[in-house]
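Below, chains carry the letters A, B, ... as their sequence lines are ordered, and counting in each starts from 1.
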Number of protein chains: 4
Amino acid sequence: MTTPNKVTDLFNQSVDDSDLSAKQKSVLQASLTLFSEKGFDRTSTSDIAKLANVSEGTVYKQFKTKEGLLHAILTPAIQQVVPKIANDFLTELLQNNNTDFKDFLKWLAQDRMTFAVENQAQLRILIQEIARSDGMFKRLGDTFMGKIAVHANTLFQKYQDNGQLIQWPMPRIARYIASAIMGYILPVILRNDHNLDIAQSSEEVAEFLYRGLKP
Amino acid sequence: MTTPNKVTDLFNQSVDDSDLSAKQKSVLQASLTLFSEKGFDRTSTSDIAKLANVSEGTVYKQFKTKEGLLHAILTPAIQQVVPKIANDFLTELLQNNNTDFKDFLKWLAQDRMTFAVENQAQLRILIQEIARSDGMFKRLGDTFMGKIAVHANTLFQKYQDNGQLIQWPMPRIARYIASAIMGYILPVILRNDHNLDIAQSSEEVAEFLYRGLKP
Amino acid sequence: MTTPNKVTDLFNQSVDDSDLSAKQKSVLQASLTLFSEKGFDRTSTSDIAKLANVSEGTVYKQFKTKEGLLHAILTPAIQQVVPKIANDFLTELLQNNNTDFKDFLKWLAQDRMTFAVENQAQLRILIQEIARSDGMFKRLGDTFMGKIAVHANTLFQKYQDNGQLIQWPMPRIARYIASAIMGYILPVILRNDHNLDIAQSSEEVAEFLYRGLKP
Amino acid sequence: MTTPNKVTDLFNQSVDDSDLSAKQKSVLQASLTLFSEKGFDRTSTSDIAKLANVSEGTVYKQFKTKEGLLHAILTPAIQQVVPKIANDFLTELLQNNNTDFKDFLKWLAQDRMTFAVENQAQLRILIQEIARSDGMFKRLGDTFMGKIAVHANTLFQKYQDNGQLIQWPMPRIARYIASAIMGYILPVILRNDHNLDIAQSSEEVAEFLYRGLKP
DNA sequence: CATGAATGAGTGTTCATTCAT
DNA sequence: AATGAATGAACACTCATTCAT
C-alpha cells in the first residue's frame, strides 16, 4: 500500500522545473541549507551569496527580499505540496472501502514519516517559523484543516460505521493520530538525525493507535 | 491526587527572591515578554531597555550579554524546575503503590498541562531555541532522561507487574505518553492561547492513553 | 650622491595603483590623516567615514576591521618599503668602494631625513604603535636587522679596514648613528613640524658622527 | 660622582606622603600599571577599579576624571621631578670647576639611565602621550629648556672655555648628548626590558660623546 | 568616605538592500 | 542578467561618569 513519496518530487519540481536560472536555483539551495542549519535570522544574505557562489545582487534579483527567499522555500511545502498530497491520498483511500483501519494507520504513518525524513531541511525551517510567529501555526492549521477536514471526516465516519473506530469527535481522533506520529518525527528532525526505521516505527505507532482508537 | 504546581513557584522564586534589583527584575520580565513574543533574534537589547524602562547599560550590568539574558530565563526552567518536579512526583508515586494507572496518567497530564499553561512564555522561548540548535534538544533530552529514567523505569515496571501496563519497552511507552500530552500542550503554546480546559483535557488524554497502553 | 626618495613612491604606488576604488583610497587617506592626528584609539570609524565622505559600511567593505585599516597603512611602511629601500641603497654603496665614510654618513642622514619628512604621517602612527605594544618594537627591530645586518656589517668592515671607522662592534656603531639621526628626526615628527633643513642637518650630524667614530 | 637617584624618591614622596588614603594610592598604583601596560585609551576605569580593589565611584572621588588620573601620574614626572633634579645637579656642577667633561658625560648618562630604569612605567606612559599629542612634546621641551637652558649654557661655556668642548651652539651639543643617551634608554623602555648594564653603557656613551664633542 | 547600580552617548561592526556598470 | 561596491540604519556592547545610599 506504499505510495511513492510525491512530496519531494513536487517540491523539487517547483524548484528544478521552474523558470529559475541555474544561479537562482543555487541561491534557493543555499538558502535551504543555511536556513535549516542556522535559522533564518542568523543567516545573512551574504552567507547565502557565498555558498551559492553568486553575487549579493543576484540573491535579490529574483527574490526581492530575504523574506521572499523564505517564502519561496516554505510556500510550496505549505500551500501546495502538503495539502495536495494529503488530498490525493485521502481521495484514493475513500474510493477503497476495504482498507483495514490499522493498515490505514500504518500507511499514514509511513507516508508522513517518509515525507518528514525526505524534507527534513524544509521542516526544520518550518518549525522555526511556527515557533516564532503566532500566525504561522494558525494559518498552517487552517490551511490543512480547510483542505482535509471534509475528506478526513468522511473517512473516519466510514471506519466508525465499520465498527473499527471509536465514536469520538473527529478533532480528538485526529489529534491523537497526529501527535503519536509526531512523537516519532519531531525527535528525528530536531536532532538532525537521519536514521529512522520507518517500517518498524510505522508498524509500532499503528499498533498503539489502533489499540487506543478501536471501540 | 492533584499536587500544587510547584513549577511556577520555583521559577518565580528564582526571579523575585533573587538578589536582583527592581530594575534587573524589570529587565528579566521585559526579556521574557519580548523573547516570547518576537523571538530572541528579533528582540534588540534596545527594545528590552525601552520596555523595562531602564538604560541599555543596565541591561548589560547584570546579564553580561544578550545570551546571558536568555540563559537567565531558560536555565531555571530547564536545569532545575522541570527535572526537580518530575523527580519529586515520581518519588511520591513510587511510595504509593495503590495508585491506579489511569489515575496516574490523568495526574501526569494535569500536572504537565498546568505547568505548560503557567509557563507559556518561557516554553515558547524554549521551543524556539530547540528549533534553532541541534544541541539544545539533545541536551534537554539527556538532562531529562538522566534524572527521570530510573524512577520512571521502576514505576512502569510496577504497573507492568500489576497487569495495568502493556509489556513494551520503557522508551516506547514514554514516547506515547509524552506525545499525547504534547498534542494538547503544543497547540496552546504555539497559538499563544490561554484557554485550555485542563480538567477535561487530562481526563480525555488519560482515557486514550489508558486504552492504548493497557495489556 | 643623493638618490631619489623611492620610499614615498613605493608607498603611494601601493595606495594609488592598487585595485582599490576611489572611495577606498579616500578611506585610507582619511585614516592616515586621523590616526596621525588623533591616534588610533581616539579615531572612530565614524570619523573616518565622515572625513572620507563615505558611509560607515564602506569603511568595512575592504578593511574588515579598524585594525585592518591600521595594518593597511603600516604594513607597506614596515614590511616592504623600509627594508627594501635600505637594502637597495646599501647594496649600491657596497659596489662603490671609493665612498668616503663621512660622505656615507651625510648621505645616510639625508636619505633618512627625507624619508621621515615625506612620511611624517605614517611615522607618527608607527611611533604611537611602538609606544603602545611591546611586540611592535621588537618585531620592527628584528625585521630591520634581519634584512640589513649582513650588508651593514660588510660595509662597516670595509670602513674599518680603510682606517676610517673605529674598531667598535657593529651594534654599538649602528646605535650611535641611528640615535644621532633620530635626534633630528624625532623632534620634527613629534612636533608635526615640516621645516627641517635637511641639507644642513645632515651635514651637521655627519660631522659629529665622523668625529665620534673615526679611529 | 654618583648621586643617589632622587627622582624616584621624589616621585614616591608625592604619592606616598600625599594626603591620599590607602585606597586612593591603590587607585594610582593600578592606573600606573595599567596605563603603562595597555596604554591610556585601552585602560578602562572599571579595569582600574578592579585591580585597585575599590569601587568605580572611588576612582572618581579624588581624580575627577580619567584624564585627572593621567595627570596625577605624569605631572610629578614632568613638571617637578625631572627639571628639579637636573637643576640640582647642574647647580652643583657649576660650583665645582674641576670636573672633567668626560666624567660629567658619564655621570649624566648614568643618572638618566638610572632614572629611566627606575621609572620605566611612567616613562612608557609619557612616551605614549608624547606620541599622541603635538602639545605634550612641545610643552615638555619648553618646560625642560626653560628650567635648564641657563644653567646648561653656563656649564657648556665653562667646558668650552676649558678647551674640553667644541665651539658648537648649545642646542646642537645638547641634541647629541640627549640622543646618544636616548639611544640606550629608549630600546630598554620600549622593549619593557629591565636589564641595562648602566655602568658599562654610561662608560660607552660617554666615550663616544667625548670623542665627538672634544674640540 | 566609599559604594556600585544606573546612565546614555558612543563604539566597532553587521547586514539587508540598492544601483551603476 | 549578473555583479559587487556602496549605503545607512541597526545592533550588541562598552565606558566614563554620576549619585542615592
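Under the 4.5 Å side-chain criterion, counting only non-hydrogen atoms from C-beta, B:Ser44 is not in contact with B:Ile48. With contacts defined as side-chain heavy-atom distances shorter than 4.5 Å, the pair D:Arg124/D:Asn192 qualifies. Proximity of D:Thr33 to D:Gln29: side-chain heavy atoms (C-beta onward) are separated by under 4.5 Å at one or more points. Between B:Ile73 and B:Leu70, every side-chain heavy-atom pair lies at or beyond the 4.5 Å cut-off. Counting only heavy atoms from C-beta outward, the side chains of D:Lys61 and D:Gln24 approach each other to under 4.5 Å. In this structure the side chain of C:Arg42 reaches within 4.5 angstrom of the side chain of D:Phe40, judged on heavy atoms. Looking only at side-chain heavy atoms (C-beta outward), B:Phe63 and B:His71 stay at 4.5 Å or farther from each other.
Along DNA chain E, the nucleotide nearest D:Asn53 and the nucleotide nearest C:Thr65 are compared for position; the residue whose nucleotide lies closer to the 5' end is D:Asn53.
Not a single salt bridge (charged side-chain N to carboxylate O under 4.0 Å, His left out) links A:Glu56 to another residue, sequence neighbours left out. Looking at residues two or more places apart in sequence or on another chain, you find a side-chain hydrogen bond (donor to acceptor under 3.5 Å, both in side chains) between A:Ser55 and A:Thr58.
Listed by residue number, the members of residues 54-62 of chain B with any heavy atom below 4.0 angstrom from DNA chain E are B:Val54, B:Ser55, B:Gly57, B:Thr58, B:Lys61. Only C:Thr43, C:Ser44, C:Thr45, listed by number, bring a heavy atom of residues 39-51 of chain C to less than 4.0 angstrom from any atom of DNA chain E.
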Pair B:Gln62-B:Val27, side chain to side chain contact (heavy atoms under 4.5 Å, CB included): steps then yes or no
CA-CA 10 Å; B:Gln62 196 67 219; B:Val27 168; over 6 Å; no

Where do C:Ser21 and C:Lys25 land on the side-chain hydrogen bond (donor to acceptor under 3.5 Å, both in side chains) test, with the steps shown first?
CA-CA 6 Å; C:Ser21 70; C:Lys25 284 178 199 167; over 6 Å; no

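Put simply, CG on B:Leu51 and CD on B:Glu37 are 8.0 Å apart, with the number rounded to the nearest 0.5 Å.
In summary, A:Asp47 and A:Lys38 engage in a salt bridge, as defined by a charged side-chain N under 4.0 Å from a carboxylate O.
Of all nucleotides in DNA chain F, those with any atom nearer than 4.0 Å to a heavy atom of chain A start and finish, going 5' to 3', at F:dA2 to F:dG4.
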Starting at the 5' end of DNA chain E, what dot-bracket string do you get if Watson-Crick and G-U pairs under 3.5 Å are bracketed, crossing pairs use [ ], other-strand pairs use | and unpaired bases use dots?
.||||||||||||||||||||

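A:Glu67 comes within 4.0 angstrom of no nucleic acid atom, judged by non-hydrogen atoms across all strands.
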